[in-house]
Amino acid sequence: MSKSMKTKRTIGNAITYIVLIVISFVWLFPFVCLFLQSLRSYNEGGGGMVEYLLPKQFSLDSYAFLLSEESQFIRWYGNTLIIAAFVALFQTIVVLCVSYALSRMRFKGRTFLMKFWLILGMFPGFLTMICLYFLLKQFGLTQAGAIPGLILIAVASSGMGYYVIKGYFDTIPKALDEAARIDGASRARVFFTMIIPMSKPIIIYAALVAFMAPWCDYVFASYVAFGYSDSYNVAVAMQRWVWTNDYQGYFTRFCAGGMLIAVPVTILFICLQKYYVEGVTGGAVKG
């Protein structure tokens, strides 16, 4: 390689690294500010830009308030965790079964059903909010029953998100299924003993996506809970905090709550990042 080519490559790499550093700074800056604000004293007032970004004195008062009996944050955090965990479990099971059926079985109306679900998925879920609310209300699944109501709604429509997982199943050779069927295995046994063990990346991908949706939900959760504080998730509860008259005080608690909310999601993505990427890329190979 000539010297000029090496120089061009070095300059190109340097520019790439500079751009990536700038992008990383822009991306991390809000999170750093959120963390610093969570350490601000409850009674500390704001000043200039520097004083606002960097607290004069660091304090754990906001975190202590979140974990105290005075706050319902632990209950709200538990509500969110319960909803996210059950949705991740049941939604993953449902979407895996639907995807396997659409990938391996051929039946009348299969193509129409897949196209219909894809078109139906283009419409925002907000269009059905009023109908779903009154339906849940008839079964007592609003306000005091909002938690099981939110789980039911999230799981009931999960089969429509089949396309990524079906694409992953399509990459698994059907000859394996046929060989097992010749040996007398049922479709259920083929699915649980052969397909599932080979689909670990896409299962983790499906579980993570299912976990994230209710963890970040605000609009529908606030609509179903409808002022019943014991059924709030953390997104709804913290939004109520910043609506109070004591905005300056509760803002620091809001930031502290945001940091605690990010902990489980960050841990999950760090530990399962490898499988998440494999699941996304594997499911995108075939449709």
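Atom CD1 in I83 sits 12.0 Å away from atom CD1 in I153 (nearest 0.5 Å). Summarising the geometry, atom CZ belonging to F254 is positioned 12.0 Å from atom CD belonging to Q37; distances are rounded to the nearest 0.5 Å. Distance check: N233 CG to I82 CD1 gives 12.0 Å after rounding to the nearest 0.5 Å. The CZ atom of F169 sits 5.5 Å away from atom CD1 of I196, with the distance rounded to the nearest 0.5 Å. From M238, atom CE reaches atom OH of Y232 across 14.5 Å, with rounding to the nearest 0.5 Å.
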**Item:** Verdict with reasoning, L102 to W117, per side chain to side chain contact (heavy atoms under 4.5 Å, CB included)
**Value:** CA-CA 12 Å; L102 294 176; W117 278 347; 4.0 Å; yes
**Prompt:** Going through the checks in order, is the side chain to side chain contact (heavy atoms under 4.5 Å, CB included) test met by V236 and Y218?
**Reply:** CA-CA 6 Å; V236 177; Y218 167 74; 3.9 Å; yes
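The shortest side-chain heavy-atom distance between Y205 and P201 does not fall under the 4.5 Å cut-off. Proximity of L96 to Y100: side-chain heavy atoms (C-beta onward) are nowhere separated by under 4.5 Å. With contacts defined as side-chain heavy-atom distances shorter than 4.5 Å, the pair Y163/V95 does not qualify. Two residues are said to be in side-chain contact when any heavy atoms from C-beta on lie closer than 4.5 Å; I172 and S199 meet this criterion.
When the side chain to side chain contact (heavy atoms under 4.5 Å, CB included) test is applied to L120, the partners found at least two apart in sequence or on another chain are F116, M160. Applying the side-chain hydrogen bond (donor to acceptor under 3.5 Å, both in side chains) rule to Y223 yields no partners; only residues at least two apart in sequence or on another chain are considered. Evaluation of the side-chain hydrogen bond (donor to acceptor under 3.5 Å, both in side chains) rule for T92 yields no partner, not counting sequence neighbours. In this structure, the side chain to side chain contact (heavy atoms under 4.5 Å, CB included) partners of V94, at least two apart in sequence or on a different chain, are V98, V155, S158. Listed by chain and number, the residues in a side-chain hydrogen bond (donor to acceptor under 3.5 Å, both in side chains) with S103 are D170 (sequence neighbours excluded).
The stretch residues 71-83 participates, sequence neighbours left out, in these side chain to side chain donor-acceptor pair (under 3.5 Å) pairs: Q72-D230. For residues 107-120, no residue pair satisfies the salt bridge (Lys or Arg N to Asp or Glu O under 4.0 Å) rule, not counting sequence neighbours.
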List the atom pairs, donor and acceptor, that lie under 3.5 Å between side-chain atoms in residues 122-147 and the rest of the protein, sequence neighbours left out.
unit_1 : atom_1 : unit_2 : atom_2 : d
T128   : OG1    : G125   : O      : 2.9
Q143   : NE2    : F226   : O      : 3.2

Show me the donor-acceptor pairs, under 3.5 Å and distance only, between side chains in residues 175-193 and residues at least two apart or in other chains.
unit_1 : atom_1 : unit_2 : atom_2 : d
D177   : OD1    : R104   : NE     : 3.4
D177   : OD1    : R104   : NH2    : 3.4
D177   : OD2    : R104   : NE     : 2.9
R181   : NH1    : A185   : O      : 3.4
S186   : OG     : R189   : N      : 3.3
T193   : OG1    : R189   : O      : 2.4

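Here L28 is tied into one hydrophobic group with W27, F31, each link being a pair of ILVMFWY side chains closer than 4.5 Å. Side-chain heavy-atom separations under 4.5 angstrom define the hydrophobic clusters, and the remaining members of the one that includes V19 are I11, I15, I23. Counting side-chain heavy-atom gaps under 4.5 Å among Ile, Leu, Val, Met, Phe, Trp and Tyr, the cluster of I267 also holds V263.
Below 30°, between 30° and 60°, or above 60°: for F25 and F29 the angle between ring planes is between 30° and 60°, a tilted geometry.
For the residue pair S38 / S62, no side-chain donor-acceptor distance below 3.5 Å is found, with atom types taken as modelled.
Not one N or O on the side chain of D217 forms a donor-acceptor pair closer than 3.5 Å with the backbone of A213.
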